Each structure stands twice: as structure tokens, then as C-alpha cells.
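See structure below.
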Amino acid sequence: MLYTEKVMDHFMNPRNVGEIENADGVGEVGNVKCGDIMRIYIKVEGDQIVDVKFKTFGCGSAIAASSVATELIMGKTIDEALALTNKQVIDELGGLPPVKVHCSVLAEQALKAAIYDYATKNALTFKGLEGYDPDEDHHDHDVVDIEF
Amino acid sequence: MKQIYLDYSATTPVKREVVDTMLPYFTEIYGNASSIHGFGQEAKSVLEQSRKSIAETINATPDTFYFTGGGSEADNWALKGVMRANRKKGNHLITSKIEHHGILHTCTALEKEGFEVTYLDVDAEGMVSLEALEAAITDQTVLISIMFINNEIGTMQPVKAIGEIAHKHGVLFHTDAVQAYGNVKIDVNEMNIDLMSVSGHKIYGPKGIGGLYIKKGIRIQNIIEGGAQERNRRAGTENIPGIVGFAKAAVMADENLEAHREKLIYLRDKLANGIMDVIPYAKYNGHPTERHPGNVNICFEFIEGEALLLSLNAKGIAGSSGSACTSGSLDPSHVLLAIGLPHEIAHGSLRLSIGDFTTEEDVEYTIESLKEIVQKLRLMSPLYDKVLKEGK
Amino acid sequence: MKQIYLDYSATTPVKREVVDTMLPYFTEIYGNASSIHGFGQEAKSVLEQSRKSIAETINATPDTFYFTGGGSEADNWALKGVMRANRKKGNHLITSKIEHHGILHTCTALEKEGFEVTYLDVDAEGMVSLEALEAAITDQTVLISIMFINNEIGTMQPVKAIGEIAHKHGVLFHTDAVQAYGNVKIDVNEMNIDLMSVSGHKIYGPKGIGGLYIKKGIRIQNIIEGGAQERNRRAGTENIPGIVGFAKAAVMADENLEAHREKLIYLRDKLANGIMDVIPYAKYNGHPTERHPGNVNICFEFIEGEALLLSLNAKGIAGSSGSACTSGSLDPSHVLLAIGLPHEIAHGSLRLSIGDFTTEEDVEYTIESLKEIVQKLRLMSPLYDKVLKEGK
Ligand SMILES: Cc1ncc(COP(=O)(O)O)c(C=O)c1O
Ligand SMILES: Cc1ncc(COP(=O)(O)O)c(C=O)c1O
Ligand code: FES
Ligand code: FES
């Protein structure tokens, strides 16, 4: 099969789809032209992410990666969430085909964007956001040389 | 779970009768057609009978039809063979932007060898303009290669008129008829075709066998040299079971052409109309009438084709898409871009291709499933969001 | 009448087990391996499994083995692909005078493109000289292509030593192993092989499928462009039934290699010795020990090969000949001339090739029949006349 059972499960039964009214942070990355847009909403209480939702326009692994990423950070602190890498997303999915690695990068970036939005709105700084540039093009279909 | 195959344009199952015809040639009449003993002569005789049968379906003489290892080889042979053999005449080739990669990537290779290639635009329905074609011909033009039926959007070109223009200017005309053969009646003489590629596995025959029609008197170089097979033009021990199967499939298709077309067109229209009726924000691609009898190609806005295919697959339905995510490249299908679709819409394309084993229930089930799936995916889509909130 | 097939070097019957393995892929698992739905993914998975199985038999990794439409295509691809891709390195290719036409005619084509080719002589037993080979290498030499086992006289070259010489001089080494694969154990690494052609129908697998081993890192151009199949190197919808059958045949051959060789060598020697014992004025061609386990090649003086074949055929025995009369050309086989046979002797050549279904009785019957036939034809021959009258 193209994808692992785990990918198919998250694709067919995505967790945390939707949006959060009055979210504390919203991040959107990707580009319609390239066929993938990911938007993540977070609700924060104290330094904890108490709710997270996503909407994704993209392929099966983009949807599965969004789903897994939201699951991984639900209930975590902001700092913990910022430590999430696309490699963790891939591991959690039981692997992705090389040409689909960029879809997991998108999930990592969408989350960072949401936290950045929250940080900016509340004038907060987080170590994990140092050097983060929201306008950077995160979208690279050629990210394939990641070791699993 | 019920399995519904709606990807006949990708490949077809081999018909039972075709397999049965092939079987003896694996284990009993297994000779090499070049051998002079009985085993070889039996193989030789069925080889020539098969060639004759196929030639007849396109109104050609047997000595103009050459077997190849498939449609791609035929495409490569036609273009490289003719261009390289006619360097003295000129170095210019005309094709279209919506050809199969078997043609387009061959053109790129020819450009590297120093040939010049004009890639004609097509209109929103995938049609080549005859005026633009004629205007592109120069005194260097050796060959025009325009596909008969496009494999993605199903658009059928005015082949006869293209051949007429080619001949008026003393230019050769090749057509990639891999999708057309077995689905529309082809007469190479009447249609002014000089070279034509066909393939077995698109017409309920075996994979790994195809053919190139080459009108008599055409200068063409070989691309596979070696033994004297195929009258010295294509080396390699003849794939007799494949050839016999291809011929059987070709004859069956030819004899049943009208009924096949009627059935396909009926189901195709039912499927296409059914989908367009129940799913909003959808665009039917290709030409409304001049199209493959079994081809349905629709773009669904706000969602992505691969996700659509996976969801369909989970319901047992097999289709295909021109989305970038299925191709592993950044861009969606060159065909969808050539008919002017914006990237974001081309991403949501779905091709469902109908064939001889498709039933009315398959069509109904597919429409229903698709409706659910598109709805579900759209509810996940940040793009649809905006439409719901802001209208469109 | 009893039919005795002794032309296994021309082609083999497909084994029952091989056909049975292929069957489901015609009618059930018929998907296109490039499709992402279940039908396609099943095909993809068996495609990669087949590639792995074959690669294992030659001690290669799966990503170095590419499927082609046969042995000739593999030969063309290896030579044209490597020479065209390495023009910057040089323009010289070394091969031998006894190669299959798949190599020799490709060399002619390359010469027309401006490449230079050295055709090495062979000795009376068909062996290439390693000294001559090394002496032929220049700073322009890109590739050496020497066949593993000759298809006519069965001579097996010292492949490992040839590869060693090639690598010592930084030159690539291709071998046409179409006759060797399945008959001798091949280890591409140990034997210093960079590229290797194989074909399904010589090892009890289907026709129309073959393969090219290409060591990692080798620069090679495509000869068939188009879709992204075979990791972008060989376009065309994958011939899954053919590939599955080829893999099954390859694995069966590999598992049974020793028993197969022993049986063949036993029968071959019985046949060769039996013939040489009872028929005078005969010459056993090829190397006495370094040869194909199933190959017998003998020239009978004073008679002509085609007449011999027809007479054998009339007795139900299928063989082959390198006589000019079977080739339709004026000259007898280039291989027989290259080992220094005079024309008149080369005309009377007979190749009998033994395979897995050959029995001891077949061999005995063949010896007897041949004795009668040669006698009968000689009595008709004006050349034999003189011998009878004048002695020799
Ligand atoms: C030594 C050798 N090379 C190449 C070939 C060509 O293989 P194919 O017939 O599969 O194209 C053959 C047999 O025909 C052969 O014996
Ligand atoms: C229009 C067209 N041309 C060429 C080909 C290539 O044919 P084959 O897969 O037999 O090489 C195909 C199908 O894959 C096709 O649809
Ligand atoms: S979103 Fe395009 S490949 Fe995943
Ligand atoms: S004697 Fe007739 S072809 Fe040679």
C-alpha cells in the first residue's frame, strides 16, 4: 500500500477537524497553487494548549499529518508543542513515502505559525520561536532527504 | 467489499477469451518465429495471422504494421525514427502541449539532439487549432504528431483534418492512438495517417505489447537494432503470446465497436450528469461531444485529488487524478494546465474511465459515494470555509 | 509423430508453474502499477517483489535491476545509453566479433553516430584474448561489451577477468548474459559486471520481457522516454504478468541451478559424443569445457545446414543452423566465420540445444536420426562424391 495503516486511519478518521471560535492563535501555511494549505487553531490556558483544531486542503498524508500533529500537542505546554518536529509526525504515522515528507513539514510549520500568532497577540516570547520568520516559504516539495 | 474499477484509461483487465487464446503459445506452440522447424513455423504463421488481423481493423496492409513492446516504445520509435532518418529534409517537429509523456519526453530528447519542436496550445476544451497548426509549418517541418484522444480529459482531435493539412504541406503525420484504438473506428487511409501508435493493454489485451503503423515508403530509423525480426525494423524474439492476445483483443474490439461505444457513452453521460447534478462547485473538463466514449474528467473545487482518490479507494472505487500530489511533482497535470485551469482547481481533478465491465449500479454507487466524499473533504478544507462564510 | 525440441537456445517453453503464477495478473490483479488505488498498489507491490527476486539471483540490490521488453532492448539500451551519456569521457567501445546481432547492429548504429568500435577477434574455440582486449583500450574507451555465453557455439568467456581489466583502466563492462543467465551462477559484484542484459524467454519464462542490470552511479541515457516507470529510466506501463513470470522462472532456475546444469551437461556430452562417434567428417565447435551446459554445435562436411534442419524436422527434431541458407544472407553465421571455419564447412553447421525437458531417449533418437540423415544428404552431395572416390 502507498500509506501505512496509521496514515490511512488518520486520513479516514481525522482527529480534531474543524475550527475554534475565538481561537487564541491561528496559523496558516501552504499555497493553493501547490495544492496544500494547512490551518491550525489553538486555544491556550496559562501555558497549556487546551484545544486544537485544523483544516487542511491537501493530499492524504497532509490530512493525516495535520490530524496526528494536533493529537500530539493536545494538552501540551507551548514549549512542548514548539519542540514538535516533522520527524515525530512521520514516526507517529509509521512513516511516509519520501515524496510526502514535505506534507509533514507543513504540519510542523502550521503549528509554529499558530503559536507565533498567539505570541504576537499577547506580546509573549518563546524560546522555540527564536529565529522564526512567518513569511519564510515553508513550502518545499523537495524535502526528501530526511533520515527515518 | 465491492470493487469498482473506473480506471480503464490507465489499463484494462485482459478479457477471458483473450487469455484463453494466448495460453497454448506459452507451453505448446512456444517456438521462436525465426526458427525453420515446425515449432518455429507454427509461431511464424500465427504471428503473421495476428499482424493481418490487426492491420485489417485499421484498413492497412499487414506489411505496414510492426509490433513493439508497448505504446511508449511506438511513440519513441515514430518520433525519433522519423526525425533522425529525415535530417536532410528538415529538423522541425510539431506536436501539442497535451500529448502523453511518451511523446513529450521524446520531444525533449530530440531537442537535445538538435531538433526543433513546436508545442501547440489547445483551447479550453483541449482542441488543437487547425489554423495554428498550419501556421506552425515551416519548410523545415518533417513531422506533425498529434494524439487522437487525450488520456486525461478524453478530447478527440480532428485527426483527418490534421492529416490533410500535413499532406498539403508535404509533412508526415503521426498520431498516438493508444486511447482511441478500440474505442473509435480508425481508417488510416481515409484519415490521412502516416504513422500510428497503439497498445494492447488499453483494449482488454495484454500489457507489454503494442504496435506502430508505418505507411509504406516512409523513411524511419530503428530504435531497437539486432535480429531481423519485424522485417529488420524492430529486433527481439517476437512475443507470440502477447501478439496473439493483442490481435484477439483488437478483433473483438473491432467487431463489437458500435455496441461498446453506445454502452460506454450511455454510462459515461449518466455518471457525468449524475455527478454534476449533485455536487456544486464542479467543472466538467474536456470536449462536450468530441471525446472518448468512456472518459469523465471533473474538477472539484476546494479539495485535492489524491485525498479524493484515497477516499474513493476506501469505498472500493478505483479512479485517477491529475493532481500534483499524485504525480509527486510540484505541478498538476500538464494537460489540465494547458486547458487553462488554475493550479488550485487542477489539483482537485478526478478521472473516472468506464469500460466494458462497468455496470449501471457501479455508476449509481459511484455518484452517491462521491457526493459524500466531496462533502466530507470540503468540510475539512480551509478554502471551502471561506465560501461557506462569504459566499462565492 | 514424436516431437523433440532441441532448440532451447532459440527459446524455451514457459514452465507450467510460471504460467500459473502469471494468470491472475491478466484478469484479476490487472491494475496499472502507477495507479494509487488498490488495483494499482497490488500490481506495484508484486512488481517490486519480482524485481527483488531477480536481483537476488545475481547478488544485486533491487534498485539496480530494470525491466525491458526483452534482451535486444537491454543490449541496445546498455550500449547506446552508456555511449551517448558519456561522450565527454570518450567515444570508443570495445566488443567482439561473435556478439549477438543485438550488440553488433547496435554498434553499427553507434558508428554512424560517430562512435568508434573495436571488434575483437576470437580464437578457434571462440575465446576472446585478454591481452588483445587490454591492448585495445585507449584513453577514449568508455565501455567494453563482451557476451557471457555465445548463443551459437556456446563458448563462455572469462567474464570476471574481463571485468577486472576493464576496471583496472577505468572502463565500464557490459555483458550480454541472455544465454548465460539461468545456466551458470552469476554474481555481478564478484564478476566485476557493471551492466548486464538478460531475457525471460531463454529461461522458461515469457517472451517480451527482459532486463538490464545497471550498477549504481552509472551514467546512462534512456532509449524509451515517457512515463516515470522504472525510476524514470524506461517508460511504458509495466508488463506485470510478464514480469511476474520472468521472476518466477528466474527463481526456479536459480534454486535448481546445480541439478539443471548436471543434467544438461550429461545429456549434452552424450549427444555430442554420440554424434561424433558415429558420424565421420564432423567438427565439434566451441570450447570443450568452457561452454553452455546445453549447447552442441557441430559442422558436418559436404552438406548444407538448412537441408539438415528440414530433414531433422521431418523426423520431429527441432534444431538450428548457422548456415547462410537459413539466414537468408549470402554468408554463413558471423560466429562460425569468426572462429575461422571456411565457408564450405560453416554451411553445414547444426546447433542442438538441450533443456530441462530433454530426455535420454530424445538424445538417442536424435543421434540415430542424424546419422541416417547426414548419410542420405551426403550421398546426394557432389562434394562427398569426390571424397568417396579420391579419399580425403
Ligand atoms: C546472446 C543473445 N543476446 C540477445 C538476445 C536477444 O534477446 P531477445 O530475443 O529477448 O530480444 C538473444 C536471443 O535472441 C541471445 O541469444
Ligand atoms: C495516449 C497514450 N499514449 C501512450 C501511452 C503509453 O502506452 P504504454 O503504457 O503501452 O507504453 C498511454 C498509456 O499509458 C497513453 O494513454
Ligand atoms: S499536499 Fe501535495 S503531496 Fe501532500
Ligand atoms: S542453396 Fe538455396 S539458399 Fe543456399
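Quick note on labels: first sequence line is chain A, next is B, and so on, each numbered from 1. These figures come from a predicted structure and were not determined experimentally. Heavy atoms only: backbone and side chains are in, while hydrogens, waters and symmetry mates are out.
- Considering all non-hydrogen atoms of both residues, A:Phe11 and B:Met380 come closest at O-CE, 4.4 Å.
- Surrounding NZ of B:Lys371 are at most 12 heavy atoms belonging to other residues, nucleotides or ligands under 6.0 Å away.
- Distance alone, capped at 3.5 Å, places no donor-acceptor pair between the A:Lys55 side chain and the B:Arg378 backbone.
- Other residues, nucleotides and ligands place more than 12 heavy atoms under 6.0 Å from the NZ atom of B:Lys2.
- With values rounded to the nearest 0.5 angstrom, A:Met12 atom CE is found 7.0 Å from B:Lys315 atom NZ.
- The number of heavy-atom neighbours closer than 6.0 Å to CD of B:Glu368, taken from other residues, nucleotides and ligands shown, is 12 or below.
- If you take CD on B:Glu306 and CG on A:Asp36, they are separated by 11.0 Å, rounding to the nearest 0.5 Å.
- Counting all heavy atoms, side chain and backbone alike, A:Val32 lies closest to B:His347 at O-CD2, 3.4 Å.
- In this structure, chain A has no heavy atom under 4.5 Å from any part of B:Leu309.
- Smallest separation of non-hydrogen atoms from A:Phe57 and B:Phe302: CD1-O, 3.1 Å.
- The choice from B:Pro382, B:Gly305, B:Ser381 that makes the most heavy-atom pairs within less than 4.5 Å of chain A is B:Pro382.
- Atoms CD1 and CG, on A:Ile63 and B:Leu310 in that order, are 8.5 Å from each other to the nearest 0.5 Å.
- Residues A:Lys100 and B:Cys325 have side chains in contact (heavy-atom distance under 4.5 Å, counting atoms from C-beta outward).
- Atom CG of B:Leu383 sits about 8.0 Å away from atom CZ of A:Arg39, to the nearest 0.5 Å.
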